[in-house]
Amino acid sequence: MSRDHVQSATRPAPAAAAGALDEGAAKAPADAELPYLELLARGASAETYEQPVLVARAEGRAPERIAALERAKLLALRVRTELEGRRRREAELSALFETAHDLAGLRDVDAVLQAIVQRARSLLGTDVAYLSLNDPARGDTYMRVTEGSVAARFQQLRLGMGEGLGGLVAQTARPYVTDDYFKDDRFQHTLTIDSGVRDEGLVAILGVPLMLGPHVIGVLFAADRRARVFEREQIALLGSFAALAAAAIDTANLLTETRSAMAGLERANEIIKDRSAVIERASDVHDRLAELVLRGGGVHDVAAAVSQILDGTVEFTDTADTRSLETSRTEGHAVRHRTDWIAAVAAGGELLGALVLRGHPELDPVDQRTLERAAMVTSLLLLARRSAAEAEQRVRGELLDDLLDARDRDPRQLRDRAARLHADLDATHVVLAARLEGPAAGAEDAAAARRRLWSAATHLATTRHGLAAARDGGTVLLLPLDPGDTATDVARRTARHLGTAVHQPVTVGASGPLADLAAHPDTVAAGYTEGRRCLDALNLLGRGGDGAAAEDFGFLGLLLAGERDVTGFVERTIGPVVAYDERRGTELLRTLDAYFASGMSPARTKDELHVHVNTVAQRLERVARLLGDDWQSPARALEAQLALRLHRLGAQPERR
């Protein structure tokens with residue numbers, strides 16, 4: 001605006017202006033507005049605008065002056081209110097602009113929602129602001145963001161549709177405000193919601209819906225811990241923030257869907273790119289496995305080839321984890337066990353073993369299928385060779401039958417026959433009698449079960465360089481005894497292996513170790529008799545499905561053993577005491593004799609030995625340390641007494 005224009009706008013007309021000026025002068029002194037201009041300039045509070053009037057009255061100013069100050073005060077307060085409104089609208093527009101800016105650069109929807117709730121609380125000047133979202137799956141609404149809240153139960157509230165003020169807003173899609181929550185009966189009060197609101201101490205609550213088109217997706221709240229009336233402008237402002245919050249959520253959902261679609265496209269593209277490589281790999285696997293079969297490769301050749309293909313270590317084994325192996329056999333797929341993958345090698349209902357990929361916890365579907373295909377090829381190889389193997393097994397069975405019946409007593413010929421079967425009759429062996437447990441459904445089922453047992457036993461004998469034959473409704477095996485193993489170890493291991501192979505409990509009784517079988521073939525028959533006695537003893541003791549040797553039955557083992565192993569029984573029962581006496585020159589054995597002869601009474605024992613009762617107690621403590629704390633239990637005490645008698649008999653000089 002030009003200077004002349006300003007002057008012309010402010011300069012009154014000659015006559016009219018003079019009249020107006022005289023009227024204004026009559027109404028108020030010219031300096032009445034000055035105190036209020038200063039108050040407006042420094043942004044003073046509304047209460048301070050009474051001060052100029054009070055001072056004028058105190059100074060006894062003219063009524064005209066006081067009236068002029070009153071009029072100036074009212075005008076200044078109107079100006080102040082207008083300025084505050086403009087500043088507030090400016091702050092609101094600025095906050096809305098900042099929120100829209102946040103929304104435009106949306107990266108984290110939670111951060112945007114938190115900023116919206118914080119700004120709403122600040123601009124409305126409330127104690128608390130919070131936002132809830134609808135959960136379509138559960139049919140309710142739950143707290144998503146809170147600002148100013150101090151009560152944990154309130155922050156975790158879930159409101160059913162129509163429950164509480166928020167539930168009513170979510171159901172009706174209309175803003176609702178209450179000056180006093182607990183006195184308002186327009187909405188449904190529930191104990192859970194009221195308890196949460198009471199914990200937070202809220203009184204006045206304003207809620208506006210978050211809308212996406214015609215649908216309500218949540219509610220934005222502003223609340224105070226005192227009674228308060230929310231103005232129309234405040235409701236509109238909160239509604240604007242709710243619209244931005246809904247837009248933020250919609251944008252985030254669209255971004256998520258877009259990213260998901262992009263990721264799906266990328267995955268599809270990768271699948272398309274990899275498909276040719278997968279087909280090529282599958283073709284290579286097929287060609288290599290087919291070549292192995294055609295050139296007469298074995299199980300371990302298949303394992304070696306698959307190891308190269310999968311860049312790992314693949315082994316054929318019959319000792320894989322039983323549960324995982326059974327799962328693989330049932331489902332027909334390779335299964336993961338810790339860091340390994342196990343693929344069952346099965347034919348019909350018979351489990352032949354497993355291919356195990358070691359130390360390879362992550363396996364893509366193509367490689368998993370490769371392992372499964374290799375297991376199938378392995379089972380086909382085993383089945384193809386079974387016909388040839390059956391002929392060999394018949395030869396093995398015939399050799400074992402000859403040993404059991406002592407038909408061939410030429411050691412050289414026996415060794416030659418065994419060597420052709422990769423067996424060594426000069427090694428120490430154990431004879432094992434195996435029998436199925438459990439009733440069969442019928443004669444055909446029983447015969448099929450016996451055939452499965454014989455097949456599993458012959459397979460075990462082949463892999464262990466032993467012999468197997470069917471006899472007496474069960475199976476007999478002759479297996480070499482590895483260094484460090486006992487007859488009991490072999491019996492239990494064989495029972496587990498055969499039971500797993502035939503899916504039915506198998507009881508196994510073992511003889512003691514047998515040596516030099518070619519020179520003494522009759523010991524095989526005696527060992528078989530001993531193994532059958534152990535097998536019968538296991539059933540009598542209710543231990544069907546287990547494996548044991550005569551040495552496991554204490555003094556009962558003396559009755560079961562074909563050759564009475566008296567020395568072994570004495571050694572197992574009181575050997576530590578015998579050795580202690582020999583090393584130290586003590587009389588623990590003599591004390592034990594006297595103790596048992598005196599009815600296990602320390603007092604009578606000390607009279608028998610002519611020693612102090614404390615000496616008897618000390619010797620018995622030493623025996624307990626050597627034999628174990630349970631050496632006086634009835635069963636062990638009986639074995640100890642029998643061992644003492646046998647030891648005395650063995651220590652007597654031979655009669656001439």
| message | Donor-acceptor pair, distance only, cut-off 3.5 Å: does the side chain of Thr500 make one with the backbone of Arg496? | response | yes
| request: For Glu200 and Arg153, run salt bridge (Lys or Arg N to Asp or Glu O under 4.0 Å): C-alpha distance rounded to whole Å, both residues' side-chain angles, the deciding distance at 0.1 Å, then the answer. | output: CA-CA 9 Å; Glu200 194 62 56; Arg153 180 159 54 174; over 6 Å; no
| said: Check this for me, if you would: do Asp127 and Arg121 make a salt bridge, where the nitrogen-to-carboxylate-oxygen distance has to be below 4.0 angstrom? | reply: no
| task | Using salt bridge (Lys or Arg N to Asp or Glu O under 4.0 Å) as the criterion, list what pairs up with Arg338, not counting sequence neighbours. | result | none
| note | Glu70 meets the salt bridge (Lys or Arg N to Asp or Glu O under 4.0 Å) criterion, sequence neighbours left out, with Arg57, Lys73
| field | Whether Glu163 side chain and Gly160 backbone form a donor-acceptor pair below 3.5 Å | value | yes
| task | Specify the closest pair of heavy atoms between Leu206 and Val177, including all atoms of both residues, with the distance to one decimal. | result | CD1-CB, 3.9 Å
| task | Look at atom CG of Asp630 and say whether more than 12 heavy atoms of other residues, nucleotides or ligands are closer to it than 6.0 Å. | result | yes
| request: Ignoring hydrogens and angles, tell me if any N or O in the side chain of Ser328 forms a donor-acceptor pair with the backbone of Ala344 under 3.5 Å. | output: yes
| Expected output: side-chain Ser240 to main-chain Ala236 donor-acceptor under 3.5 Å | yes
| request: Check whether the side chains of Asn134 and Tyr142 place a donor and an acceptor atom closer than 3.5 Å, and report yes or no. | output: no
| Can the ring centroids of Tyr176 and Phe221 be said to lie less than 6.0 angstrom from one another? | no
| Would you say the side-chain atoms of Thr190 pair up with the backbone N or O of Ile193, donor to acceptor, closer than 3.5 Å? | yes
